[in-house]
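Okay, so here's the structure we're looking at.
Each chain gets a letter, A, B and so on, in the order its sequence line appears, and its residues count up from 1.
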There are 2 protein chains.
Amino acid sequence: METDRLDILGDALAHPSRARMLTALMDGRAFTNKELATYAAITPQTATAHLDRLEYAGLITRLKSGRHAYHRIASEDVASALEMLSTLTANPLPASTPPELRRARSCYNHLAGRLAIEITTALTRKKLLLEENGNFAAQPSAIWGKLGVTLPERPRKQPFAKCCLDWSERKHHIAGPMGTALLENALAERWVMRPKRDARFLEITPLGRSAFAELLDISADRY
Amino acid sequence: METDRLDILGDALAHPSRARMLTALMDGRAFTNKELATYAAITPQTATAHLDRLEYAGLITRLKSGRHAYHRIASEDVASALEMLSTLTANPLPASTPPELRRARSCYNHLAGRLAIEITTALTRKKLLLEENGNFAAQPSAIWGKLGVTLPERPRKQPFAKCCLDWSERKHHIAGPMGTALLENALAERWVMRPKRDARFLEITPLGRSAFAELLDISADRY
DNA sequence: ATAACATTTCGGTTGTGAGCGAAGGGTTAA
DNA sequence: TTAACCCTTCGCTCACAACCGAAATGTTAT
């Protein structure tokens, strides 16, 4: 029986410095070498070595631009798997998760946390979303436009809305292109904001609360 | 931001010997120190050290019985997460998965592979299963008894049927108590058999093929 | 051109994990 | 009781990962 190369993947996660860098990258944004080095409290030289191994394991991709090297999570699948892994470690210590992260955060390029779960369940309740084989099927509706989502004309190879397991809520929220559109629209409409530049958690604005309440019947006391 | 202890988990997977032992344990059965040492091609002393770390990371549990020490995957969540991780490594090399493993195998204590996917989709198509929030809701039917499943009288805290992402098929199959019952019944009825003692893959018997065709309208050419 | 900056490469130190042989502790079978 | 067996602990070697300082490479700004 083969090794499945599970060890290469584990090796990439095995070091605190690498784990910290990955959590910083989890919201999908790209960071430079120096930023990640600062975040992990190591020198840039050492960060380079760590990022080499993360790239070798297929967890991140690099993009050189000018004198900067940008690093980001390689794919949405990687982000989902990392969220999934957190469920294992977070399980024995559910209370240790910071409340602001549980409320709303970005996962790769879509929303996560209680807000994301509420949005997903509201759309499911309205029969606009149907969970099926790890993806969501969407029904046409005027709501999508208000949420910043343009449904594809024809079915494509890549699923338009994928399920992503939320590690703090242990339920599925929306990933894939639809998830990206929802997050980008929410940021553009100032429904949610990113208070700190280097943080994953998101702040829900009063404008956002009323928008979610009006569009999806989500009362603010649910998140 | 905290480290989430992702590194401890990665550290546990980081070594080829540990990765091999984990894949051997993935079908949910317990193995002794010596068996795992043989499997990983190392001495029992070294295996002890590795198993210490797997236990420390919460991935396995130990049970001493007589002069034997039995090791098994700590929980179904761990098994699911490991399957999930395999999707990352298996993705670039889809063809590398042995065909017999893709057809039918055991994952922790339930069925996985194409057979498991066919069973799950057949039950979903008949509206006997509804996927929801990472679990399956079951509708009463006479089929369950024939499949060896006894639905619980009242809703319980622990979900009776959970979703588990199949790494070779990338769809959800049935885990949880219902999954366990399905596998145990299939083994007891000799619908599937375990040809090799130390292998995860399962062989579907002619008896099994006719049973699945009759009960669930699954033609044999689908798996 | 020169300076300032980001990143990477090189060299060397240090610490730790993996591995095995030998020995100890404990259980089962003869 | 003795022998066989499984597991673990101890002691040791060896290899490699992590880290940083120094220096090289390449880019942007002055």
Spell out protein contact along nucleotides 15-22 of chain C as letters: B when the base is contacted, S when just the sugar-phosphate is, - when no protein heavy atom is under 4.0 Å; keep the 5' to 3' order.
--SSBBBB

Could I get a table of every N or O pair under 3.5 Å where one atom is in the protein and the other is in nucleotides 26-30 of chain D?
none

Is the closest side-chain heavy-atom distance between [X] and [Y] below 4.5 Å?
X	Y	value
B/Asn33	B/Leu51	yes
B/Leu187	B/Met193	no
A/Leu59	A/Ile73	no

Using only heavy-atom distances, determine whether the side chains of [X] and [Y] contain a donor-acceptor pair under 3.5 Å.
X	Y	answer
B/Thr48	B/Gln45	no
B/Arg194	B/Ser106	yes
B/Glu35	B/Thr38	no

Is it true that a side-chain atom of [X] and a backbone atom of [Y] form a donor plus acceptor pair closer than 3.5 Å?
X	Y	result
B/His71	B/Ala69	yes
B/Arg53	B/Ile8	no
B/Thr120	B/Ala116	yes

Would you kindly give the NZ-to-C1' distance between B/Lys64 and D/dC5, to the nearest whole Å?
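B/Lys64 atom NZ is separated from D/dC5 atom C1' by 14 Å.
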
Rounded to whole Å, how long is the line connecting atom NZ of B/Lys34 with atom C1' of D/dT8?
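So the NZ-C1' distance, B/Lys34 to D/dT8, works out to 15 Å.
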
Students often mix this up, so state it plainly: with edges at 30° and 60°, are the rings of B/Phe212 and B/Trp191 parallel, tilted or perpendicular?
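Ring orientation of B/Phe212 relative to B/Trp191: perpendicular.
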
How far does the helix from C/dA1-D/dT30 to C/dA30-D/dT1 bend, going by the axes of its first and last five pairs, to the nearest 10°?
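For the helix from C/dA1-D/dT30 to C/dA30-D/dT1, the axes at either end differ by 30°.
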
